[in-house]
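Down below is the structure, laid out as structure tokens.
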Number of protein chains: 2
Amino acid sequence: MPIQSRATLHDVARLAGVSAKTVSRVYSGSPRVLPETRERILAAAKRLRFRPNTVARNLRQGGKTDTVAFVMGDIHNPFYFHVAAGIEQELAKGGFTMLWASTGDAPDSEPVVVDALLSQLVRALVLIPIAGDQSYLEGERQLGTPIITVDRPATDLVADTVVLANRSGMADAVRSLTANGHRKIGFVSNPSEMYTLSERLAGYRQALMEAGVADSTPWERLGNDPSITPESQVRSLLDSSDPPTAIVTGNNRATMGALRELRTREDPVALIGFDDFELAEMLGISVVAHDPVELGRAAGRLALERIEHHGGPIRRIELPTRLVKRGSGEIPAPTG
Amino acid sequence: MPIQSRATLHDVARLAGVSAKTVSRVYSGSPRVLPETRERILAAAKRLRFRPNTVARNLRQGGKTDTVAFVMGDIHNPFYFHVAAGIEQELAKGGFTMLWASTGDAPDSEPVVVDALLSQLVRALVLIPIAGDQSYLEGERQLGTPIITVDRPATDLVADTVVLANRSGMADAVRSLTANGHRKIGFVSNPSEMYTLSERLAGYRQALMEAGVADSTPWERLGNDPSITPESQVRSLLDSSDPPTAIVTGNNRATMGALRELRTREDPVALIGFDDFELAEMLGISVVAHDPVELGRAAGRLALERIEHHGGPIRRIELPTRLVKRGSGEIPAPTG
DNA sequence: CTGTTAGCGCGTTCAG
DNA sequence: CTGAACGCGCTAACAG
């Protein structure tokens with residue numbers, strides 16, 4: 001129950017004894033107002049606690065807002081929060097605010113959520129794709145709304161994208177292991193997003209191929225079944241007749257699982273995880289590190305650029321990863 | 001460069017051969033439209049790729065939007081992301097989207113950022129206070145905008161708030177230590193937010209008092225100086241002439257620091273951390289756990305309730321913590 | 001069940 | 001330098 005209602009441009013104008021337009025000029029930074037008039041207006045505005053109505057302004061200005069939408073899926077993965085933070089950081093620099101919504105990991109709800117945001121006339125859409133395809137965005141794209149996907153490319157839609165160097169990052173890790181004599185290297189992932197997983201798997205296979213291992217499938221545990229934990233995957237690997245001497249993981253979660261299982265074992269097994277994590281340094285875990293915040297920043301910058309100058313070729317930005325050697329990945333293969 | 005411009009209600013009306021108002025009715029869920037007419041309208045809308053303009057609708061409906069603002073400071077602390085996730089989750093249920101902005105840890109920018117969001121006519125404001133006081137929000141409060149603070153109360157402003165049971169949570173931890181014979185218990189915190197720190201410190205002191213320790217100041221390391229790391233605080237404690245036999249930490253970060261330092265030591269020191277973390281179970285670290293997502297959810301629900309029925313008494317929700325014993329906190333005090 | 005009129009709060013256009 | 005009229009896209013209030 002508002003004690004008083006919100007003051008409008010007109011209220012301020014009336015109190016200051018000028019027309020609404022003059023007040024408007026003051027707030028749109030037009031210099032063509034007498035300093036004295038301006039003072040009077042600002043004083044009146046302050047008394048009335050006037051705040052310009054951005055909604056009305058946006059409507060008048062051709063439905064342009066100063067917001068950018070960000071849609072993500074899995075709300076429990078810290079990785080995406082860092083991405084979100086990076087996006088928000090860059091947008092803020094450009095004077096935009098971020099409208100954030102999540103699809104709650106339900107692929108079907110992606111179009112619904114995205115639609116709700118688009119109807120708010122956001123100036124750009126940053127999206128971590130989760131639905132099977134993004135063709136439903138084709139219309140919006142043609143209307144000129146910049147669309148940027150992060151972490152993975154869109155399917156059936158031409159859009160800018162910012163991704164990690166998943167393939168080469170994983171290949172670096174595996175090469176480092178083969179250089180230490182390893183040939184039997186396990187690949188463990190929990191069920192996760194297809195694109196990143198397949199890229200990392202490809203990097204793994206490629207590096208093994210280079211080292212003369214043509215078929216790595218016996219050591220691959222891709223976690224296609226959601227009911228299988230990374231721990232149990234590691235367990236099945238180590239308990240097999242020909243256990244690996246090293247393990248790489250497909251992501252953060254899988255690394256945690258592997259750690260838990262390896263803790264219970266005697267034999268040293270080399271481990272390199274994908275994604276860095278807070279205690280990795282203390283625990284001496286080698287990882288393929290990257291900067292999730294930077295991923296977001298790059299997407300945010302891309303959004304701002306697109307808002308400025310529409311058009312131009314589609315861009316694909318691939319951010320580098322960095323192999324951080326902390327010990328766990330540098331255990332040499334047992335000889336003989 | 002838009003290939004075509006956005007279709008409006010009128011465009012759809014023209015194509016369907018009806019009036020704008022009828023189209024409007026279809027989109028506002030009014031049942032009073034002939035199924036046949038509705039079909040024709042929806043077909044036309046689809047052809048034109050029409051999407052209702054939420055901005056215009058909001059303006060017409062008295063400047064009401066379907067957004068809620070969330071403002072936080074420190075963008076690097078995962079804790080707040082979980083809070084954000086909780087808020088967003090609840091808001092989505094009520095059909096609201098979250099406008100997210102951060103102040104980048106600069107207390108002075110809080111009013112600026114908040115103002116920018118309020119000018120977008122958000123229906124409620126959820127805030128993690130960072131500025132010295134929130135009296136600048138008094139005007140907005142009188143206009144009827146619900147304001148909810150999370151993690152700490154507002155200063156100089158009457159507002160609903162959702163906080164943790166910081167004091168009793170910490171007291172529980174300390175009591176558990178004193179029950180195991182500890183009396184010399186260190187309190188380590190990195191420089192952090194005043195409110196939570198002082199509450200937790202109060203709980204610590206109270207529990208020690210109950211155990212007969214009147215003055216705990218020699219074992220308190222509050223991290224007032226930002227240049228001092230938690231590690232070095234722990235070091236100074238353990239290297240003192242009368243070192244503690246147990247340590248409690250003021251938050252997540254301090255726990256990490258303590259862990260790093262304790263790793264390098266021989267003598268067992270009991271440790272209980274405030275805030276849970278991913279590897280705590282694997283590492284056997286006892287903690288005062290709580291659910292940051294639930295903190296956000298509670299705030300989100302509060303916002304929705306306030307939007308529904310303004311008025312009523314101010315509410316303060318205190319969420320419980322849970323002492324999770326994993327070993328590190330159950331090391332008994334050395335006898336003699 | 002459907003159409004007409006008016007106007008949300010602001011900014012653009014064109015006069016003064 | 002300032003003001004009056006008009007309309008952004010949509011919906012409330014009234015007709016019919």
Side-chain angles (χ1 to χ4, degrees), chain A residues 2 4-42 44-45 48-67 116 118-123 143, chain B residues 2 4-42 44-45 48-67 116 118-123 143:
Chain A
Q4 57 184 81
S5 74
R6 213 170 283 275
T8 74
L9 217 55
H10 287 89
D11 301 329
V12 177
R14 204 175 309 126
L15 184 61
V18 296
S19 83
K21 178 56 202 173
T22 307
V23 181
S24 166
R25 272 191 263 267
V26 170
Y27 279 90
S28 23
S30 163
R32 313 199 148 284
V33 180
L34 276 179
E36 184 192 308
T37 315
R38 155 177 263 109
E39 287 304 314
R40 233 182 31 251
I41 290 172
L42 288 177
L48 296 176
R49 292 212 178 89
F50 169 70
R51 174 182 295 117
N53 183 331
T54 306
V55 174
R57 161 181 288 180
N58 288 336
L59 178 61
R60 187 63 186 85
Q61 290 177 337
K64 299 285 185 186
T65 65
D66 48 1
T67 58
L118 289 177
S119 80
Q120 304 201 31
L121 303 187
V122 295
R123 291 291 285 285
L143 285 171
Chain B
Q4 58 185 82
S5 74
R6 213 172 282 276
T8 73
L9 216 55
H10 287 89
D11 300 328
V12 177
R14 204 175 309 125
L15 184 60
V18 295
S19 82
K21 180 58 199 172
T22 307
V23 181
S24 166
R25 271 191 265 265
V26 169
Y27 280 91
S28 25
S30 164
R32 314 197 149 283
V33 179
L34 273 180
E36 182 193 311
T37 315
R38 153 177 266 110
E39 288 305 315
R40 230 178 39 247
I41 290 173
L42 288 177
L48 296 176
R49 292 211 178 90
F50 169 70
R51 175 182 293 118
N53 183 331
T54 307
V55 173
R57 160 183 289 181
N58 289 336
L59 178 62
R60 188 60 187 85
Q61 291 179 335
K64 298 285 184 185
T65 65
D66 50 1
T67 58
L118 289 178
S119 81
Q120 304 199 31
L121 303 188
V122 294
R123 291 291 284 286
L143 285 171

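Not measured: the values here are computed from a predicted model. Here is the naming used below: chain letters follow the sequence lines, and residue numbers restart at 1 for every chain.
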Work out which heavy atom in [X] is nearest to a heavy atom in [Y]; give both atom names and the distance.
X	Y	result
D11(B)	T8(B)	OD2-N, 2.8 Å
L42(B)	Y27(B)	CD2-OH, 4.0 Å
Q120(A)	T65(A)	O-CG2, 3.4 Å

Could you check which of [options] has an atom nearest any side-chain atom of [X]?
X	options	result
L34(B)	dC1(C), dC8(C), dC10(C)	dC1(C)
A20(B)	dT11(D), dC10(C), dG3(C)	dT11(D)
R57(A)	dC10(C), dG9(D), dT2(C)	dC10(C)
H10(A)	dT2(D), dG3(D), dC10(C)	dC10(C)

Whole-Å distance between [N] [atom2] and [X] [atom1]?
X	N	atom1	atom2	result
K21(A)	dC10(C)	NZ	C1'	9 Å
K64(B)	dA12(D)	NZ	P	14 Å
R14(B)	dG9(D)	CZ	C1'	13 Å
R25(A)	dA4(D)	CZ	P	12 Å
R60(A)	dG7(C)	CZ	P	17 Å
L9(A)	dA4(D)	CG	C1'	14 Å
N53(B)	dC10(D)	CG	C1'	8 Å
N58(B)	dC10(C)	CG	P	15 Å

field: Base dG9(D) paired with R6(B) side chain (donor-acceptor, <3.5 Å)
entry: no
- request: Look at the side chain of S119(B) and the backbone N and O of T54(A), then say whether any donor-acceptor pair between them is shorter than 3.5 Å.
  value: no
Presence of [X] side-chain N/O under 4.0 Å of [N] phosphate oxygens OP1/OP2:
X	N	result
S19(B)	dT4(C)	no
Q61(B)	dA12(D)	yes
T37(A)	dC1(D)	no
T8(A)	dG9(C)	no

[X] near the nucleic acid: base, sugar-phosphate alone, or nothing, with a heavy-atom cut-off under 4.0 Å?
X	answer
S28(B)	nothing
V18(A)	sugar-phosphate
L59(B)	base

Spatial distance of atom CZ (R6(B)) from atom CG (N53(B)) [nearest 0.5 Å]: 8.0 Å
